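Read the structure below first, then the notes.
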Amino acid sequence: MISPRLSALALTASLTLTLAACTSGGAGTSSDSGSNSGDPASTSGSGKGAEPPADTALTPDAYQVELDAVGVPVGAALRDIAKARTFKSLSQRVRRAQSAVDSAAERLGPLHPPAEIDTEHTDYLAALRAMDGKLDELGQAVGDRSLCTASSVLARLGKSSEFGGLKEAGADLAGGGDYKGGLIKFTPPKEQNRRLGNGTILASAIRGGRGSLTVKNGTSGDSIVTLVLGKKKAVSVYVRKRSTAKVTNIRDGKYRVYYTSGSDYDRATRGFTHNCVFQRFDDSLSFTTTYTATQIRWSTWTLTLQKMIGGNASTSDVSPDDFPA
């Protein structure tokens, strides 16, 4: 019996979101270039320069320009998360979205909004900063593989209080002065827990032999075991947690064995969306068929996906982007 030391998997999804917020505005301060001969501070002989006027509030139109200027890049960055197809790309896109939200908050922070929406502006700014922190948290979750696909990231974002707070603050801003740039239009996916039937064959490219493989999954997550012959994926089988599955008709050859485990299997991305692990057995499995005058003998193997005392099969981590999906 061969037994390893662990298990798991991951990858993408799609969505639509829109956000709007701000760019630099050209109407922040005003100054009077004229002089007042009766003002001692402005007379040529006073020896004092004129004091700069206090900052004045932006006009509604100028404020809308600012909202639009930050909203476009933020909305685009959030939508781009859904386009990630690899772990590396997913991590990069989450970080880019965080950077866009951070830049939006920095740009809006110094502005003086129209007086009638001063409170709404402050709340919206606070909500942006909270969203920045949430995206940082989601980036870390991708890094530790507790979130493994774009859909799982966006679902977690969509159900968060930070996202809800930003939506609410944007709605209040719009209601306070019809500033449409503060609204976020985004229907997030729901978190799911999809599973396949135990023993489901996901790939069957090289078959037709007498060999067989029995997989015992003693871990706390569902798993997929994949045999690779040369550079081609030969067969993949889905094994539910604490279950056993058998694959037959395996052709003779020397196979590398990979497995992945996790929760919520997404057929579209061919991976688990949460708590994914990717590993490879260090030793290959050889399937051979021997013919004699009176007998035919063939290989049968058993893999146990569980840490075991006395186990004789070591495993190594595999990069998610190098896993044979």
Side-chain angles (χ1 to χ4, degrees), residues 1-11 87 144-149 152 191-207 209-229 232-251 253-287 298-325:
M1 174 186 293
I2 286 188
S3 30
R5 314 194 174 163
L6 246 159
S7 42
L9 166 57
L11 209 36
F87 253 83
D144 65 24
R145 298 178 192 170
S146 56
L147 295 176
C148 312
T149 63
S152 64
E191 289 191 317
Q192 302 183 67
N193 187 23
R194 295 160 288 184
R195 303 176 75 191
L196 300 182
N198 187 58
T200 298
I201 299 297
L202 295 171
S204 181
I206 303 175
R207 303 289 290 282
R210 294 177 179 268
S212 67
L213 172 66
T214 298
V215 180
K216 296 180 178 180
N217 183 7
T219 71
S220 59
D222 290 359
S223 298
I224 295 171
V225 173
T226 299
L227 301 183
V228 175
L229 184 61
K232 190 168 185 180
K233 181 166 63 175
V235 61
S236 290
V237 59
Y238 189 101
V239 189
R240 286 194 169 197
K241 62 183 179 181
R242 303 183 187 89
S243 299
T244 299
K246 185 176 182 178
V247 182
T248 59
N249 302 323
I250 297 176
R251 186 185 299 180
K254 191 173 186 179
Y255 294 82
R256 295 191 311 280
V257 184
Y258 295 81
Y259 74 98
T260 178
S261 298
S263 60
D264 181 38
Y265 182 75
D266 183 0
R267 274 187 178 273
T269 61
R270 293 181 291 180
F272 295 101
T273 69
H274 293 77
N275 304 315
C276 48
V277 176
F278 303 86
Q279 295 208 322
R280 175 180 59 83
F281 282 84
D282 294 329
D283 295 326
S284 300
L285 291 186
S286 291
F287 288 83
W298 57 87
S299 301
T300 60
W301 289 95
T302 296
L303 296 178
T304 302
L305 304 181
Q306 183 180 12
K307 286 185 177 180
M308 295 180 64
I309 296 174
N312 60 351
S314 60
T315 59
S316 301
D317 289 335
V318 176
S319 166
D321 294 337
D322 294 332
F323 194 85

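Values in this document were obtained by computation on a predicted structure and should not be read as measured data.
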Step-by-step side chain to side chain contact (heavy atoms under 4.5 Å, CB included) determination, Asp264 to Thr149: CA-CA 11 Å; Asp264 181 38; Thr149 63; over 6 Å; no

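- The closest side-chain donor-acceptor pair between Asp282 and Ser314 falls under 3.5 angstrom.
- The two residues Arg145 and Phe278 have their closest heavy-atom pair at NH1-CD1, 4.2 Å.
- Nearest heavy-atom pair, Ser284 versus Arg256, reported as atom, atom and distance to 0.1 Å: OG-CG, 4.2 Å.
- Between Phe323 and Tyr258, some side-chain heavy-atom pair lies under the 4.5 Å cut-off.
- Nearest heavy-atom pair, Gln279 versus Asp317, reported as atom, atom and distance to 0.1 Å: NE2-OD1, 2.7 Å.
- Heavy-atom minimum distance, Ser152 versus Cys148: OG-N, 3.4 Å.
- Using a 4.5 Å heavy-atom cutoff, the side chains of Val239 and Ile224 are not in contact.
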Residues Asp321, Ser319; criterion side-chain hydrogen bond (donor to acceptor under 3.5 Å, both in side chains); working and verdict: CA-CA 5 Å; Asp321 294 337; Ser319 166; 4.9 Å; no

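- Between Arg194 and Thr273, some side-chain heavy-atom pair lies under the 4.5 Å cut-off.
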Stepwise side chain to side chain contact (heavy atoms under 4.5 Å, CB included) check, Ile206 with Lys232: CA-CA 8 Å; Ile206 303 175; Lys232 190 168 185 180; 4.1 Å; yes

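- A heavy-atom distance below 4.5 Å is not found between the side chains of Thr226 and Val235.
- Of all heavy-atom pairs between Gly197 and Arg240, the closest is CA-NE, 4.3 Å.
- Of the candidates Arg242, Lys241, Arg195, Asp222 forms a salt bridge (Lys or Arg N to Asp or Glu O under 4.0 Å) with just one, namely Arg195.
- Here the straight-line distance linking atom CG of Asn275 with atom OG of Ser263 works out to 4.5 Å at 0.5 Å rounding.
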Residues Val247, Arg207; criterion side chain to side chain contact (heavy atoms under 4.5 Å, CB included); working and verdict: CA-CA 10 Å; Val247 182; Arg207 303 289 290 282; 3.9 Å; yes

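- Contact check for Asp266 versus Phe272: no side-chain heavy atoms found under the 4.5 Å cut-off.
- Looking at heavy atoms from C-beta onward, Thr302 lies in side-chain contact with Lys216 at the 4.5 angstrom threshold.
- Between Ser299 and Ser286 the shortest heavy-atom distance is OG-O, 3.6 Å.
- At a threshold of 4.5 Å between non-hydrogen side-chain atoms, the residues Val225 and Val257 count as touching.
- At a threshold of 4.5 Å between non-hydrogen side-chain atoms, the residues Ile250 and Leu213 count as touching.
- Put simply, the residue from Phe281, Phe287, Trp301 that forms a ring-ring contact (aromatic ring centres under 6.0 Å, His included) with Tyr255 is Phe287.
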